[in-house]
Amino acid sequence: RYVLARSNSKGDTLLILVASQPSLPNVKEFVSGVRGRVKNLQGVVVNLNPHRTNVVLGTTTRLIWGKDHLIEEISALKFRISPKSFFQVNPWGLETIYKCLDQALPLRGKDTVLDLCCGVGSMSLYLARRAKRVVGIDSCGPAIEDAIINSDLNDIGNAYFATGATEKVLPRLYQQGERFAAAVLDPPRKGCAPEVLNTVSRMRIPKLVYISCNPATLARDLGQLKELGYQTETVQPIDMFPQTYHVESVATLSRKGR
């Protein structure tokens, strides 16, 4: 159904074949041909997705040849990236986001930070180097598995990760008494669920950084956050997807009357 290629900044490539049935004809011949044509090919995997929806990847992935992941290195951090794990498609754009985080969150060593929709931990691990503790949440199990591995790869022991829908996990943390000095929100294109923003407000988190790839849902959620007591201070667009109409935006907010 689809061919998906993931690559890192060194040019290594992971090829993902998305199929509607588990058995594919002439797979060995295909892999042999691809290996001869694609430079720095690291692995070939098949992802099973029999469902006729607009979701590209299914739940089951199996290795056909080579490695089932890539390693990316950015800002002295190593990240293991599996086929289904979210990671920014532009590593240079990610470095720009890191600079925005440095400006927005001058963390002290005693601060605890929340990372919502954390993926493989690209924001969590970067912030963990300046914070006392970082808690990341993501609904994708393979991404959380990668995040935990990435903590070990980078010898970072103060980052903790939870698997589950943010709108379910975050209220539970609130009920357990967890409080944070800052939060990073990096949701998919649909934006944040209202329950998530409401819980962030109830937690009275002083500083927010909202990273968005969809200006429309960003504007919607910034409007709701304004009603919940947050003031938008800056919105920085980033050309994460050159030669397309898509744009990444990093918004910084602070809680009024904190």
Side-chain angles (χ1 to χ4, degrees), residues 1-95 97-98 117-126 128 136 138-156 159 161 163 186 188 213 240-244 246:
R1 296 178 61 183
Y2 307 102
V3 176
L4 176 65
R6 303 193 74 158
S7 61
N8 61 18
S9 54
K10 296 190 300 182
D12 297 332
T13 299
L14 178 66
L15 189 64
I16 304 154
L17 307 177
V18 183
S20 58
Q21 55 187 8
S23 60
L24 297 178
N26 305 316
V27 171
K28 292 183 179 180
E29 292 82 354
F30 174 81
V31 171
S32 178
V34 169
R35 289 179 62 187
R37 292 168 181 256
V38 179
K39 186 179 179 180
N40 296 331
L41 182 66
Q42 298 297 302
V44 179
V45 301
V46 172
N47 176 266
L48 180 62
N49 184 8
H51 306 293
R52 292 294 175 180
T53 68
N54 62 351
V55 178
V56 174
L57 294 172
T59 57
T60 304
T61 302
R62 61 187 176 93
L63 178 65
I64 299 299
W65 171 83
K67 301 177 181 178
D68 63 353
H69 65 276
L70 293 177
I71 297 292
E72 180 63 277
E73 297 187 31
I74 300 175
S75 295
L77 289 169
K78 295 180 180 179
F79 297 104
R80 172 192 166 104
I81 307 168
S82 298
K84 292 190 61 188
S85 297
F86 170 78
F87 195 81
Q88 281 75 15
V89 298
N90 186 330
W92 300 276
L94 178 56
E95 289 184 324
I97 293 176
Y98 285 164
C117 305
C118 64
V120 302
S122 56
M123 307 300 168
S124 302
L125 300 183
Y126 183 78
D138 201 286
S139 61
C140 179
I144 291 297
E145 291 174 7
D146 283 343
I148 294 171
I149 292 172
N150 291 334
S151 298
D152 294 335
L153 280 177
N154 293 282
D155 295 322
I156 293 176
F161 299 98
T163 306
D186 189 7
C213 60
M240 183 76 81
F241 317 98
Q243 302 181 51
T244 77
H246 296 286

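We number each residue from 1, following the sequence as shown. Source: prediction; values computed, not measured.
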In Å, rounded to the nearest 0.5 Å, how long is the span from CG of Asp138 to CD of Glu145?
-> 11.5 Å
Residues two or more places apart in sequence or in another chain: which of them pass side chain to side chain donor-acceptor pair (under 3.5 Å) with Ser82?
-> Asp146
Any salt bridge (charged side-chain N to carboxylate O under 4.0 Å, His left out) pairs touching residues 20-39, not counting sequence neighbours?
-> none
Please name all residues satisfying ring pair (Phe, Tyr, Trp, His ring centres under 6.0 Å) with Phe30, sequence neighbours left out, ordered by chain then number.
-> none
So, Asn47 side chain and Thr60 main chain: donor-acceptor pair closer than 3.5 Å or not?
-> yes
So how far is it from Asp186 CG to Ser124 OG, rounded to the nearest 0.5 Å?
-> 10.0 Å
Any chance you could measure Ile71, atom CD1, to Leu153, atom CG, to the nearest 0.5 Å?
-> 5.5 Å
Nearest heavy-atom approach of Thr163 to Ser139 is CG2-O, 4.2 Å
Sequence neighbours excluded, every pair satisfying salt bridge (charged side-chain N to carboxylate O under 4.0 Å, His left out) that has a member inside residues 51-74 = Asp68-Arg80
Report yes or no: does Thr53 contribute a side-chain atom to a donor-acceptor pair with the main-chain N or O of Val55 at less than 3.5 Å?
-> yes
Atom pair CE/CH2 of Met240 and Trp92 - distance to nearest 0.5 Å = 11.5 Å
For the residue pair Val44 and Leu63, what are the closest heavy atoms and their distance?
-> O-CD1, 3.7 Å
May I have all residue pairs that pass ring pair (Phe, Tyr, Trp, His ring centres under 6.0 Å) and include part of residues 46-81, sequence neighbours excluded?
-> Phe79-Phe87
Between Asn40 and Gly11 the two heavy atoms that sit nearest each other are CB-O, 3.5 Å
What pairs with Pro188 under side-chain contact (heavy atoms from CB on, under 4.5 Å), at least two apart in sequence or on another chain?
-> Cys117, Lys190
Over all atoms of both residues, closest heavy-atom pair of Asn154 and Ala76 = OD1-O, 4.1 Å
Going through the distances and angles, do Cys118 and Phe161 end up as a side chain to side chain contact (heavy atoms under 4.5 Å, CB included)?
-> CA-CA 9 Å; Cys118 64; Phe161 299 98; 3.8 Å; yes
Inter-residue atom distance Arg1.CZ - Leu57.CG, 0.5 Å rounding = 10.5 Å
Tell me, please, which residues at least two apart from Pro242 pass side-chain contact (heavy atoms from CB on, under 4.5 Å).
-> Asn90, Asp239
Identify the two heavy atoms, one from Thr13 and one from Ala5, that lie closest to each other, and give their separation to 0.1 Å.
-> CG2-CB, 4.3 Å
Ile144 side, atom CD1; Asn150 side, atom CG - distance, nearest 0.5 Å = 10.5 Å
Partner residues of Leu70 under the side-chain contact (heavy atoms from CB on, under 4.5 Å) criterion, sequence neighbours left out | Arg6, Asp12, Leu14, Gln42
Ile97 versus Tyr126: any side-chain heavy-atom pair under 4.5 Å?
-> no
The side-chain contact (heavy atoms from CB on, under 4.5 Å) partners of Val3 (sequence neighbours excluded) come to Leu15, Leu17
What residues form a side chain to side chain donor-acceptor pair (under 3.5 Å) with Ser7, not counting sequence neighbours?
-> none
So, do Val56 and Lys84 sit near enough that their side-chain heavy atoms are less than 4.5 Å apart?
-> no
Heavy-atom pair with the smallest gap, counting every atom of Ala147 and Gly119 | CB-O, 3.9 Å
